[in-house]
Amino acid sequence: MELDNQIEAILFWRGEPMTLPELCRALKLPSADVKKGLQSLKEKLQGRGLVLIQTEDEYALATAPETHELIERLRKEELAKDLGKAALETLSVVLYKEKVSRRDIEYIRGVNSTTILRSLLMRGLVERRQSEKDERVFLYRPTIDLLSLLGITSAEELPEFQDVRTELAAAETAATVAGASLADGAGDGEDSVPSGLVPEHE
Amino acid sequence: MELDNQIEAILFWRGEPMTLPELCRALKLPSADVKKGLQSLKEKLQGRGLVLIQTEDEYALATAPETHELIERLRKEELAKDLGKAALETLSVVLYKEKVSRRDIEYIRGVNSTTILRSLLMRGLVERRQSEKDERVFLYRPTIDLLSLLGITSAEELPEFQDVRTELAAAETAATVAGASLADGAGDGEDSVPSGLVPEHE
Amino acid sequence: MGDDIPGELGRCWLKCSEDTETPKRLIDAILVAMIFEIKQERFEGPLDLLLTLVERRQLHIGDIALAKVTDDFLNYSKDFIDFPIAESAQFAYVASTLLLIKSKALLPQLSLSREEEESMEDLQNRLKLLQRFRELSRHVRTRFWQCAMYLPLERKVEPIFAPPKDVSVTSLLAGIRAVLASIPKVEALSKVAVKKVVSLEKMIESLKERITSALRMSFREFTAAHKGERINVIVGFLAMLELVKNGLLNVTQDTPRGDIMMETGRVDVPRY
């Protein structure tokens, strides 16, 4: 049995996103192999009714975008289509940066974003996980659900993605320097309140 | 979009058997066409991780027979795992609330809880039943098996039950405020909470 | 408008235009109209407001644009005294940086500390970043639901009672306690102590008093009397500029980077 088929079966059976480590454990294979299998699955699904969606380390099967009218018709729920400015802005930051701390989001938006992030978390549009680099930092990431609603199989398919990443990389160097100087206007940075402009930690 | 792909998408999305008339209704096509589509799907799935299975008059996608061993092993592993912090927290909400909707759990925890609830359901720790008050709402409750595992006859015998209930009631108000709507002009409370970002039917 | 005062500080006297009343009224009327318009919207913090002001005037983000919208920003922010304290502190912080930018525009010779220059630059960078993400959020808006790919419905599971080892009365109590602890406390949010930021008006008042009593003092002395915190220095400096604009104060600086000397005219006598 080929690896891509096994992955397809597992993802179908679970019916929800799985992380790369989960897939590795399930298949008892190192991640390099699993990644190859995923790539090959993605290719095999070309022109089919299903697609493979991926975030940085999560994967899921979903219906192909060409079938969206059909499925939309079958869904019974009313969909809330009116995402407000704050939600859209916050989602854009998370999507284009792929992983970002609350502090960074607030640096860009200039406003406490605890509430909006909580709403987005509850709706499963973003998720929050500890940073691998620094355990004290939590990073927000787009979920597979979010990508699926946008009709993209990975964040890289977003318009202008590469340009934005290049711009951000350049800006980040500058911001890191400047960001440090902000802290002194910032007071004691109690958890959820940016006292100056940016809170100290999550 | 080819018909077999449409059928693949529907069956994948539903994840359970559909009759020919159901498929015809969904696709708005006569049964002769749908049958052709099913035949072509069956062929296309050759050598893939999924197969089209057909009972007398029902059709469903399922994992390919070659993957059964793998899936069976995964199932067992999943059942033998420890719950982990997030799942324990979710379970504690169900217990201390006695019955609670997924929406309310998500309000209280501030994170999407679909996956965890599924795993709690699968392990027979909680069960899901329609609310008597509102048929569209499903409520999660602890199972009898869970109560007996804990050595109690009802949730009220849990330690600090009354205190926790009082605190939960107070906290829920706060969480509702904090988890305001994602739409513009947030803060109108219950009404403006978008219902459909996560699938409703649980 | 204040923006047009030529900035020759070296040894020059700054005076406001002779007729302060007419343009002032005009400006007030314009501001009222603008503020009225703005108030129809909800702003997500100071950057949102600032960016909206800049975009409304179709300006490119830069020193000039920011100096131009400073007054609008201040006027709008003034009405937000009742904001939760954290938010008003953020408004004040941005306001003070804006005032710094504006004063630099008024007085090009004004020497700024590295830190001040950084915070000016930082504000611009942040605005540009926000503007970019606002642009990008339009992509996100148009794509939402347009061509969604649906994750499958929840898979049917047949429950098998499989009690995990970590489920016990104790672990569940710990669980619910953790849940309760992580719920955001609305009360706590509004009460959190935030570093106090001296309000502009208060500073202007204090400045007037000090100058009346000691006719001649240096800006440096003045700011030292106010603990020399950066924000106070900025606000103090701008308060001084406001007084200059209003013709209440004369300012000299003998050398380009030298101390700035302040002198009152006759404080209580209108200058015509």
Side-chain angles (χ1 to χ4, degrees), chain B residues 9 12-16 75-76 78-85 87-93 95-96 107-110 114 117-127 143 145-146 149-152 157-160 164 167-168 170-175 177-179 184-186 199 201-202, chain C residues 38-45 48-49 52 83-84 86-87 134 137-138 140-141 143-192:
Chain B
F12 163 79
W13 179 70
R14 285 280 297 260
E16 46 186 87
R75 221 169 102 85
K76 283 188 185 137
E78 208 172 322
L79 290 174
K81 264 194 320 207
D82 273 357
L83 278 193
K85 189 168 167 282
L88 265 174
E89 283 181 14
T90 311
L91 186 59
S92 73
V93 174
L95 268 164
Y96 279 89
Y107 260 118
I108 294 168
R109 296 190 58 232
T114 321
L117 282 168
R118 175 184 164 278
S119 122
L120 295 176
L121 276 172
M122 196 174 80
R123 307 185 67 165
L125 300 171
V126 302
E127 58 186 0
T143 57
D145 284 340
L146 174 60
L149 173 73
L150 296 172
I152 53 180
E157 291 170 28
L158 287 163
E160 303 180 37
V164 170
E167 284 170 59
L168 270 175
E172 261 165 74
T173 328
V177 177
D184 275 329
H201 42 161
E202 311 177 35
Chain C
I38 291 163
K39 272 186 180 157
Q40 309 301 310
E41 299 166 38
R42 244 180 79 91
F43 285 98
E44 289 271 325
D48 185 18
L49 169 62
T52 308
F83 266 173
E87 208 168 326
R134 190 162 290 175
S137 74
R138 284 180 208 124
V140 176
R141 184 195 295 274
R143 293 195 75 99
F144 242 96
W145 305 111
Q146 269 317 98
C147 218
M149 306 182 293
Y150 294 98
L151 295 177
L153 292 181
E154 212 173 299
R155 297 293 185 227
K156 270 255 168 69
V157 290
E158 272 157 43
I160 297 170
F161 185 58
K165 283 188 234 73
D166 52 351
V167 168
S168 69
V169 167
T170 326
S171 67
L172 286 166
L173 181 61
I176 197 75
R177 284 285 165 215
V179 170
L180 281 167
S182 69
I183 292 175
K185 312 275 182 303
V186 174
E187 259 318 89
L189 269 177
S190 52
K191 281 187 187 164
V192 163

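Hydrogens, waters and symmetry mates are skipped; everything else that's a heavy atom, side chains included, is used. To find a chain, count down the sequence lines: A is the first, B the second, and so on, and within it residues start at 1.
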Open item on the list: If you compare all heavy atoms of Phe161(C) against all heavy atoms of Leu146(B), which two are closest, and at what distance to 0.1 Å?
Closed with: CE1-N, 4.0 Å

Open item on the list: Test of understanding: with salt bridge (charged side-chain N to carboxylate O under 4.0 Å, His left out), list the residues that count as partners of Arg134(C), not counting sequence neighbours.
Closed with: Glu89(A), Asp48(C)

Open item on the list: Under 4.5 Å from any heavy atom of chain C, what part of Leu95(B) do you find: side chain, backbone, both or neither?
Closed with: side chain

Task: Among the listed options Glu160(B), Glu16(B), Arg109(B), the residue most often paired with chain C at heavy-atom distances under 4.5 Å - done: Glu160(B)

Task: Close side-chain approach of Val167(C) to Asp82(B), heavy-atom, < 4.5 Å - done: no

- [ ] Check whether any side-chain heavy atom of Glu154(C) sits under 4.5 Å from a side-chain heavy atom of Thr114(B), and report yes or no.
- [x] yes

- [ ] Kindly write out the residues that satisfy salt bridge (charged side-chain N to carboxylate O under 4.0 Å, His left out) with Glu157(B), not counting sequence neighbours, or none if the list is empty.
- [x] none

- [ ] Would you verify whether the NZ or CZ of Arg177(C) falls within 45 degrees of the ring axis of Tyr96(B) while also being under 6.0 Å from that six-membered ring's centre?
- [x] no

Task: Side chain, backbone, both or neither of Lys85(B) within contact of chain C (heavy atoms, under 4.5 Å) - done: neither

TODO: Identify the two heavy atoms, one from Val164(B) and one from Leu180(C), that lie closest to each other, and give their separation to 0.1 Å.
DONE: CG1-CD1, 4.2 Å

Task: Region of Glu167(B) that comes under 4.5 Å of a non-hydrogen atom in chain C - done: both

TODO: Apply the side-chain contact (heavy atoms from CB on, under 4.5 Å) test between Leu88(B) and each candidate in Ile176(C), Asp166(C), Val179(C); give the one that qualifies.
DONE: Asp166(C)

Task: Contact check, side chains of Pro159(B) and Val169(C), non-hydrogen atoms, under 4.5 Å - done: yes

Open item on the list: Whether Glu158(C) and Arg75(B) form a salt bridge (side-chain N of Lys/Arg under 4.0 Å from carboxylate O of Asp/Glu) is what I want to check.
Closed with: no

- [ ] Flag the one option from Leu79(B), Asp145(B), Leu149(B), Ile152(B) with the top tally of heavy-atom pairs under 4.5 Å to chain C.
- [x] Asp145(B)

Open item on the list: Any side-chain to backbone donor/acceptor pair from Arg123(B) onto Ala162(C)? Under 3.5 Å, distance only.
Closed with: yes

- [ ] Grab the two heavy atoms, one from Leu151(C) and one from Trp13(B), that are nearest each other, plus how far apart they are.
- [x] O-CD1, 3.2 Å

TODO: Determine whether Leu153(C) and Arg14(B) make a side-chain contact, defined as any pair of heavy atoms from C-beta on separated by less than 4.5 Å.
DONE: yes

Open item on the list: Counting heavy-atom pairs under 4.5 Å with chain B, which one of Ser171(C), Ala174(C), Gly175(C) comes out on top?
Closed with: Gly175(C)

TODO: Write down the atom of Ser92(B), the atom of Leu172(C), and the distance for their closest heavy-atom approach.
DONE: CB-O, 3.3 Å

- [ ] Would you mind reporting whether Pro164(C) and Leu125(B) have side-chain heavy atoms less than 4.5 Å apart?
- [x] yes

